[in-house]
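We use all heavy atoms of the structure for the numbers below, so side chains are in, but hydrogens, waters and symmetry mates are not. What you are looking at is a predicted structure, and each value in this text was computed from that prediction instead of being measured. Throughout, a chain's letter reflects where its sequence line sits, starting with A, and its residues are numbered from 1.
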2 protein chains.
Amino acid sequence: MTTETKKARGRPRVFDPDEALDKALQIFWNRGYEGASLAELTETLGVNKPSLYAAFGNKEELFMKALSKYVQGPAAFVREIVNEPTAHAVAKRFLYQAAEFLTQSSHPKGCMIVQGALSGGESAEMIKSVLMEYRAGYEKLLTQRFEQAKADGDLPSDANPAALAKYLAMLHQGMSVQATSGASEEELKTVADLALSVWPKA
Amino acid sequence: MTTETKKARGRPRVFDPDEALDKALQIFWNRGYEGASLAELTETLGVNKPSLYAAFGNKEELFMKALSKYVQGPAAFVREIVNEPTAHAVAKRFLYQAAEFLTQSSHPKGCMIVQGALSGGESAEMIKSVLMEYRAGYEKLLTQRFEQAKADGDLPSDANPAALAKYLAMLHQGMSVQATSGASEEELKTVADLALSVWPKA
DNA sequence: ATCTTTTTGTAACAATTGGTATATTAATTA
DNA sequence: TAATTAATATACCAATTGTTACAAAAAGAT
């Protein structure tokens with residue numbers, strides 16, 4: 001039930017916008033916002049600049065749309081993790097899935113939300129803050145989940161939900177750097193096990 | 001006993017190379033390699049481009065010299081940490097000093113070796129790999145220290161030095177991202193305490 | 001006072017950046 | 001078939017990227 005291909009007015013598109021956006025995502029993913037040039041984008045998408053602008057807007061908007069596809073696609077699993085039955089299961093699945101995801105060779109290594117625009121020039125300021133908010137977002141998601149776990153007695157009464165969430169977020173962000181530097185899934189999972197052995201018991 | 005200001009031939013320099021390099025370091029530190037433009041560099045150093053090139057070489061060489069100043073200056077403490085008497089003391093001081101250093105407001109937040117060039121275009125490839133080597137370098141330093149600790153009986157015989165070192169490196173790299181995103185020293189130290197409670201006892 | 005030597009300032013360089021104007025092409029609708 | 005609509009391709013745009021030629025300037029050496 002995708003959007004019905006009704007009567008196509010005017011000259012038909014020579015590219016599939018969804019495929020093109022996916023390729024744009026790949027480029028932004030391993031080059032970052034500033035590192036991805038319009039030249040490389042148009043070249044590998046097979047779409048010339050006017051068509052690209054007509055379809056997605058300027059570079060910033062294109063990045064935002066690629067980012068949106070990222071969080072709803074490959075990185076969507078993060079949102080589901082909080083549904084695990086226990087806080088420990090949440091933590092374990094978070095780190096394990098991160099180790100797998102960040103090292104997969106079917107797409108760029110590392111996390112786009114971490115590496116997309118950590119530093120950069122003035123022109124990346126907007127994107128930098130957007131990514132910061134995303135990072136704060138999933139950390140908050142974890143915090144809330146652990147607050148609930150604490151209320152449920154699933155975490156001890158002296159547990160610190162915010163600290164536990166930041167611990168996981170920090171490990172995830174470090175994993176992202178490590179994955180970009182060539183660390184393997186196994187190495188990251190070994191560290192994940194180590195990191196999890198700290199987990200407070202109810 | 002600095003280099004004796006002997007007979008100065010030719011027109012005298014209008015800037016102090018060491019001060020200038022320090023300002024360049026600050027810029028690279030919070031903009032990254034690609035995010036720092038020659039325009040911003042010359043502007044805030046108060047040195048015009050020909051003089052900058054004569055003194056330091058091109059942008060890449062300038063970055064390398066700034067990086068060298070970074071590891072020998074503000075980030076030099078890392079090398080000393082392995083001299084702590086126990087593995088646990090090494091780990092604790094590593095994370096604590098990281099928490100302090102990465103959040104200090106007297107200089108850019110985060111670690112230059114982490115954020116200097118994580119992603120980026122083709123032209124940053126060299127710098128990216130240099131920074132990767134630096135990261136691998138301090139991780140290896142920790143690994144060796146923990147191998148020795150294991151031999152000394154300071155770590156249990158089933159301890160995994162490489163995993164412990166990667167755990168710390170990962171936390172440091174995550175801390176760097178967190179610091180850039182506005183996390184405070186206290187928050188990072190709270191997480192450091194949590195992270196340290198995993199440490200194997202001899 | 002002239003000659004070196006070195007740095008400075010201006011001004012330019014080619015290449016690349018993100019972004020568009022314009023005219024052509026290809027489809028549907030009338 | 002003519003009119004309309006929309007996407008295409010080429011070619012351009014101003015601004016910025018890193019880098020350098022060149023001539024003027026400021027010092028010591030002769």
Side-chain angles (χ1 to χ4, degrees), chain A residues 3-21 24 27-28 31-66 116-117 119-128, chain B residues 3-21 24 27-28 31-66 116-117 119-128:
Chain A
T3 37
E4 190 70 32
T5 62
K6 294 197 173 183
K7 36 204 162 177
R9 301 271 295 176
R11 183 171 176 171
R13 271 214 179 86
V14 77
F15 67 97
D16 176 11
D18 203 62
E19 276 182 28
L21 187 56
I27 295 179
F28 281 127
R31 291 254 184 248
Y33 174 66
E34 284 187 318
S37 72
L38 261 290
E40 183 176 4
L41 284 166
T42 56
E43 199 170 308
T44 70
L45 301 214
V47 180
N48 48 31
K49 294 190 237 174
S51 299
L52 193 73
Y53 273 73
F56 305 107
N58 65 10
K59 191 183 178 186
E60 211 169 88
E61 296 176 70
L62 176 59
F63 182 90
M64 291 301 295
K65 280 165 184 161
S119 52
E122 205 72 44
S123 68
E125 217 63 38
M126 171 69 55
I127 302 296
K128 270 198 271 185
Chain B
T3 37
E4 190 71 30
T5 62
K6 295 198 171 179
K7 35 202 164 177
R9 302 269 295 173
R11 182 170 177 172
R13 271 218 179 81
V14 77
F15 68 97
D16 175 10
D18 203 63
E19 277 182 27
L21 188 56
I27 295 180
F28 280 127
R31 291 253 184 248
Y33 174 66
E34 284 187 318
S37 71
L38 262 290
E40 183 176 3
L41 284 165
T42 55
E43 199 170 308
T44 71
L45 301 213
V47 181
N48 49 30
K49 295 187 229 175
S51 299
L52 191 73
Y53 272 75
F56 305 106
N58 64 12
K59 190 184 178 184
E60 211 170 88
E61 296 176 69
L62 176 58
F63 182 90
M64 291 301 295
K65 281 165 183 161
S119 52
E122 206 72 44
S123 70
E125 217 63 37
M126 172 69 55
I127 302 295
K128 271 198 272 186

Q: Can you check each nucleotide of nucleotides 23-30 of chain D against protein heavy atoms at under 4.0 Å and return B for base, S for sugar-phosphate only, - for none, in 5' to 3' order?
A: --BBBSS-
Q.
Nearest whole Å is fine: how far is D:dT20 C1' from B:Leu52 CG?
A. 13 Å
(Q) Quick one, A:Leu21 and A:Leu62 - any side-chain contact, counting heavy atoms below 4.5 Å? (A) yes
Q: Go through DNA chain C in 5' to 3' direction and return only the first and the last nucleotide with some atom under 4.0 Å of chain A's heavy atoms.
A: C:dT17 to C:dT29
Q: Mind listing the closest non-hydrogen atom pair of A:Tyr53 and A:Leu38 along with its distance?
A: CE1-CD1, 3.8 Å
Q: Using the test side-chain contact (heavy atoms from CB on, under 4.5 Å), find all partners of A:Pro17 that sit at least two apart in sequence or belong to another chain.
A: A:Arg13, A:Phe15, A:Phe56
(Q) Can you give me the closest heavy-atom contact between A:Lys59 and A:Tyr33, atom names plus distance? (A) NZ-O, 3.0 Å
Q: Report yes if some heavy atom in the side chain of B:Lys128 is under 4.5 Å from a heavy atom in the side chain of B:Glu125; otherwise report no.
A: yes
Q.
So, using side chain to side chain donor-acceptor pair (under 3.5 Å) as the criterion, who are the partners of A:Ser123 when residues are at least two apart?
A. A:Glu34
Q: Search all heavy atoms of B:Thr42 against all heavy atoms of B:Lys49 and return the closest pair with its distance.
A: CG2-CG, 3.4 Å
Q | Contact summary for A:Ser119 and B:Gly32, nearest pair of heavy atoms | A | OG-CA, 3.7 Å
Q. Where along residues 34-43 of chain B does a heavy atom come under 4.0 Å from DNA chain D, residue by residue in number order?
A. B:Ala36, B:Ser37, B:Leu38, B:Ala39
Q | Interatomic distance where NZ belongs to A:Lys59 and C1' belongs to D:dT16 [whole Å] | A | 13 Å
Q.
Any heavy-atom pair between the side chains of B:Val14 and B:Val47 that's under 4.5 Å?
A. no
Q. Is the number of heavy atoms from other residues, nucleotides or ligands under 6.0 Å of B:Glu43 CD greater than 12?
A. no
Q: Work out which heavy atom in A:Ala36 is nearest to a heavy atom in A:Ile27; give both atom names and the distance.
A: CB-CG2, 3.7 Å
Q. So, do A:Ile127 and A:Met64 sit near enough that their side-chain heavy atoms are less than 4.5 Å apart?
A. yes
Q: Quick one: pull up CZ in B:Arg31 and CD in B:Glu40 and give me the separation to the nearest 0.5 Å.
A: 4.5 Å
(Q) Which residues in residues 44-51 of chain A have a heavy atom closer than 4.0 Å to any atom of DNA chain D? (A) A:Asn48, A:Pro50, A:Ser51
